[in-house]
K.L.:
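Below are the structure tokens for one structure; questions will follow.
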Amino acid sequence: MSKILFITSEAIPLIKTGGLADVSGALPLALHRLGNDVRLMLPAYPQAKKKLQQPTTVAQLYIPGLPGSVQLIQGKLPNTELSVLLVDYAPAFERDGNPYLDAQGNPWKDNAERFALLARAAQRVAMNEAGLNWQPDVVHCNDWQTALVPALLHNESPRPATLFTIHNLAYQGLFPEETFRALALSDTLWSPTALEFYGQMSFIKGGLVFADRITTVSSNYAAEIQTPEFGCGLQGLLRYRANVLSGIVNGIDQNVWDPQTDPLIAHNYSVEQLHYKSDNKNHLQKHFKLPVSVDHMLIGFVGRMVEQKGIDLIHKVIEHLTDLPIQLAILGSGETRFETALQQAAEKHPKQVGVIIGYDEALAHQIEAGSDAFLMPSRFEPCGLNQLYSLRYGTLPIVHNVGGLADSVTDATPGNINQKRATGVVFYEPTEQALLAAIKRAYEIYNNPQLWTDIISTGMRQQFNWEASAKRYMELYQAAMDARRSIEQNF
Ligand code: ADP
């Protein structure tokens, strides 16, 4: 069993903006349940401080260049025995709202300094220099906000093994060269073989260049990011590191996302009692002020309103759906241009389109439970969680064939239907026409109730539990630790 320091910028239930928080809350817990000694480390945002249980200040760190000291607050993730370390430095993290953006939706101006501070505190804990009398065997970093850690640890010896997980390669933490200089990092890191990326400083390269192992959140995305189409300019580096790069699919938290016990939905149901699902549909239609109708196929969407998610394709396809008995229930927030366009579409077609702008955890559950089908026309999708929730809630996913969507949804082709493998509808081009054809195909299946029930029942029986994925991470930790040990023995 290993000692694991898991570093992240968000984790449920302390703070969440997206899928990273779901993973960072659930994976460390699964590793802890498998007998590992895990500490989950993240910034002490006000929301996180408020929710942390049994908080105690356990260390005070002095980081060169910082006026004042950084406190480490140790506590428990709510209602669990998982240890959490919050990095408390008020000028950096004591702010309301989003961990990354100000009230206007712009990145905080000092994000580089804030996440470099998180990395420096993590380095101290990793090297047992924080006064905790605890040194991890492995340090697991997630996304650009934590990617400096492997770079800072690289030259230490002996040191813990490092693993870096890419949750979304499109977010890289790019800053001007002056920022690199201001952070007082070692000059050797200013090179194209280190953190420099076409004249800018790239946080994510810290993880991609220096981590002992790299993972991403589906096998398909691990292959895709080695191509120019999905590699965001980093495909060459990722191909170079292909021997240590692999994909491990995310699980879902089956306690939170279970239609049989979910306290947030109108009526609980299971694959044996699917008829209760229609009460949830009825409730959802009312919530979105849509006509209550069994005959209409109700399609849900929950997510960030950005181009990645294909929200523009959904907007364009609406005009073609108005002569079909189809309704849309859309929840999300993001770029104003998409929010406005969708709200206008809802005003124009109030009987068919319901749009709610905002972030609403309970409503997200109600959409999964009450919709017949769920749309995910993402242009790229490292793993995607909503299609996994949809499968579990008997809600047919309609997805673009990319990343984790391709790995987790099996298209309702005649062959797959015959073999009872089909779980959803898959389309192959991120275009309005292909999306429309996929929706129409789903509608044809909807009109064949026996086939529809067969397909959603197959989906509901799929397993996406965290335990299986956590065991795969443990194998990788072991491989990385073994490799480290043999390097250190040879020096
Ligand atoms: P990403 O991390 O790219 O945003 P994922 O599909 O991996 O996408 O995870 C998104 C998570 O955030 C899911 O749990 C989803 O239900 C949730 N989510 C996204 N937008 C909203 C919203 N507006 N209200 C409630 N939950 C949301």
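Order of appearance sets the numbers: ligands from 1, and atoms from 1 within every ligand. In this text the structure is predicted, and so the values were computed from the model without any measurement.
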K.L.:
Could you tell me whether Arg304 and Glu335 make a salt bridge, using a distance below 4.0 angstrom between a side-chain N and a carboxylate O?
P.N.:
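The answer is no: the pair does not qualify as a salt bridge.
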K.L.:
List, pair by pair, the atoms of ligand 1 and of the protein that are both N or O and lie under 3.5 Å apart, giving the separation rounded to 0.1 Å.
P.N.:
{"residue": "ligand 1", "atom": "2 (O)", "partner": "Gly19", "partner atom": "N", "Å": "2.7"}
{"residue": "ligand 1", "atom": "3 (O)", "partner": "Arg304", "partner atom": "NH2", "Å": "2.8"}
{"residue": "ligand 1", "atom": "3 (O)", "partner": "Lys309", "partner atom": "NZ", "Å": "2.9"}
{"residue": "ligand 1", "atom": "4 (O)", "partner": "Arg304", "partner atom": "NE", "Å": "2.8"}
{"residue": "ligand 1", "atom": "6 (O)", "partner": "Leu385", "partner atom": "N", "Å": "3.1"}
{"residue": "ligand 1", "atom": "8 (O)", "partner": "Lys309", "partner atom": "NZ", "Å": "3.0"}
{"residue": "ligand 1", "atom": "9 (O)", "partner": "Gly19", "partner atom": "N", "Å": "3.3"}
{"residue": "ligand 1", "atom": "14 (O)", "partner": "Lys16", "partner atom": "NZ", "Å": "3.0"}
{"residue": "ligand 1", "atom": "14 (O)", "partner": "Asp22", "partner atom": "OD2", "Å": "3.0"}
{"residue": "ligand 1", "atom": "16 (O)", "partner": "Asn386", "partner atom": "OD1", "Å": "3.2"}
{"residue": "ligand 1", "atom": "23 (N)", "partner": "Gly358", "partner atom": "O", "Å": "2.8"}
{"residue": "ligand 1", "atom": "24 (N)", "partner": "Asp360", "partner atom": "N", "Å": "3.0"}

K.L.:
Sort out for me which residue in Phe197, Trp144, Phe210 forms a side-chain contact (heavy atoms from CB on, under 4.5 Å) with Lys205.
P.N.:
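It is Phe197; the other options fail the test.
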K.L.:
Under a 4.0 Å N-O cut-off, is there an ion pair linking Arg95 with Asp110?
P.N.:
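Here Arg95 pairs with Asp110 in a salt bridge, since their nearest N and O are under 4.0 Å apart.
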K.L.:
For Asn106, look at atom CG and say whether over 12 heavy atoms of other residues, nucleotides or ligands are found less than 6.0 Å away.
P.N.:
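More than 12 within 6.0 Å, yes.
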K.L.:
So, are Arg33 and Glu467 salt-bridged, with charged N and O less than 4.0 Å apart?
P.N.:
no
K.L.:
Salt bridge or not for Lys471 and Glu475, using N-O below 4.0 Å?
P.N.:
no
